[in-house]
Amino acid sequence: MKPEFYAGEVCAVARALIGCVVRHGETAGVIVETEAYHEREPASHSYVGLTARTATLFGPPGRAYVYRSYGVHAMLNAVAEPEGVGAAVLIRALEPLEGIELMRQRRGRERLEDLCAGPGRLTQALAIELRHNGGDLCGGPVTITPGPAAALEITVSRRIGITRAVELPWRYSVTGSRFVSRRGSTLVRPV
DNA sequence: CATGGGATTGACT
DNA sequence: GTCAATCCCATGC
C-alpha cells in the first residue's frame with residue numbers, strides 16, 4: 001500500500017486493511033482482524049500526547065508502530081492519518097499464507113489457527129520485534145501489500161482488552177473467519 | 001528515582 | 001475461570 005493510503009481516517013484505514021498481506025522475510029499472512037486507535041480517545045497510547053513512546057504514532061503515516069505489551073509481546077500497528085495526528089491500526093490477526101513451517105517452528109504450535117490469531121501471536125510467527133518500530137511499511141523489512149482481491153464480509157465490534165473507551169465499535173474482522181482472535185467476542189457482541 | 005499499569009498469552013484449577 | 005510472566009515508559013514525588 002502507498003503512504004497516502006494510510007493518511008485517511010483511521011477507522012476507514014482499519015477497515016481497508018482487512019484482506020491485505022503482511023510480509024516479513026519468508027513469512028506472510030492475510031489480515032483478518034484490525035482495531036483503530038486515535039489520540040482523541042483514551043484507549044490510545046497517543047492519548048497522552050507526544051512523548052518518546054508515542055513519537056512514531058505522531059509521525060508520518062505508513063510506518064510501523066511496534067511496542068511491547070505486558071512486558072512480553074510485541075504488537076504491530078500501522079500508523080494512520082496525517083503526520084502530527086496520533087493514530088494507528090493494530091493488526092490483531094492474520095490468516096497464514098506463506099512460510100507456514102517457519103511459523104510453526106517459531107510458535108511451537110501446529111494448528112493453523114494457533115499461528116497468527118492474536119496480536120502477540122502474529123508478531124512471534126513473523127518474527128516482528130521492537131526494532132521494527134518506525135520502519136516503513138511501504139518498503140521496509142516488514143511490508144503491507146494489497147491482498148487477493150475478494151469481497152470480504154466485515155464484522156464490526158468493540159475493541160478487545162482495553163479498559164477505556166470500550167464502547168467504540170472500532171474493531172474490524174472477516175465475518176466467520178477461523179483465524180480471528182477471541183472469536184466469541186465477535187459473535188456475541190457485533191455492533 | 002520509584003512506582004504502577006497495561007491494545008496478551010499460555011498454563012493451570 | 002484464574003493467574004503469573006515481564007518490561008517499557010508515563011507519572012509523581
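Here is how names work: the chains are called A, B, and so on, in the same order as the sequence lines, proteins then strands, and each is numbered from 1. As a basis for the values below, the full set of heavy atoms in this structure was taken, side chains included, without hydrogen atoms, waters or symmetry mates. Keep in mind the model is a prediction, meaning the values are calculated, not measured.
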From CZ of Arg159(A) across to C1' of dA7(B) the rounded distance in Å is 8 Å
Practice task
Check whether any side-chain N or O of Arg106(A) sits under 3.5 Å from a backbone N or O of Gln124(A) as a donor-acceptor pair, and report yes or no.
Solution key: no
Nearest-nucleotide check on DNA chain B, Thr163(A) vs Ala117(A); residue mapping nearer the 5' end is Thr163(A)
Of dA10(C), dT9(B), dT6(C), the nucleotide closest to the side chain of Val72(A) is dT6(C)
May I ask whether Tyr37(A) stacks on the base of dA7(B), given the cut-offs of 5.5 Å between ring centres and 30° between planes? yes
Q. With respect to the phosphate group of dT8(B), does any side-chain polar atom (N or O) of Arg92(A) fall under 4.0 Å of OP1 or OP2?
A. yes
Inset, instruction - Could you tell me whether Arg159(A) and Glu35(A) make a salt bridge, using a distance below 4.0 angstrom between a side-chain N and a carboxylate O? - result: no
Of the candidates dT9(B), dA7(B), dA10(C), the side chain of Ser44(A) sits closest to dA7(B)
Check: For dG10(B), does OP1 or OP2 lie under 4.0 Å from any side-chain N or O of Arg107(A)?
Finding: yes
Open item on the list: Side-chain N or O of Arg171(A) versus OP1/OP2 of dA7(B): is the shortest distance under 4.0 Å?
Closed with: no
Under a 3.5 Å limit on both distances, the Watson-Crick or wobble mate of dC12(B) is dG1(C)
Taken to the nearest whole Å, CG/Leu50(A) to P/dC9(C) is 14 Å
Rounded to whole Å, OH of Tyr67(A) lies from C1' of dG6(B) at a distance of 9 Å
* **Arg164(A) side chain to Pro42(A) backbone, donor-acceptor under 3.5 Å** => yes
Exercise for review: Check whether any side-chain N or O of Arg109(A) sits under 4.0 Å from OP1 or OP2 of dA11(B), and answer yes or no.
Suggested key: yes
- Query: Counting only side-chain N and O atoms of Ser69(A), is one of them less than 4.0 Å from OP1 or OP2 of dA7(B)?
  - Reply: no
Here the distance between atom P of dA4(C) and atom NE2 of His73(A), to the nearest Å, is 15 Å
To the nearest angstrom, the CG-C1' distance between Leu130(A) and dC8(C) comes to 9 Å
Of dC8(C), dA10(C), dA5(C), the nucleotide closest to the side chain of Tyr70(A) is dA5(C)
Side-chain contact check for Arg68(A): nearest option of dT9(B), dA7(B), dC8(C) is dC8(C)
Across every strand shown, the nucleotide meeting Watson-Crick or G-U wobble geometry with dT6(C) (both distances under 3.5 Å) is none
_A quick test of your reading: do over 12 heavy atoms of other residues, nucleotides or ligands sit less than 6.0 Å from CD of Glu26(A)?_
no
Rounded to whole Å, CZ of Arg53(A) lies from P of dT11(C) at a distance of 10 Å
| message | Check Glu167(A) with Arg158(A), please: is the shortest side-chain N to carboxylate O separation under 4.0 Å? | response | no
Rounded to whole Å, the CZ-P distance (Arg164(A) to dG5(B)) equals 12 Å
From CD1 of Ile162(A) across to P of dG5(B) the rounded distance in Å is 18 Å
Yes or no on side-chain contact (heavy atoms from CB on, under 4.5 Å) for Arg53(A) and Tyr67(A), after CA distance, side-chain angles and deciding distance? CA-CA 8 Å; Arg53(A) 183 195 199 190; Tyr67(A) 69 93; 3.9 Å; yes
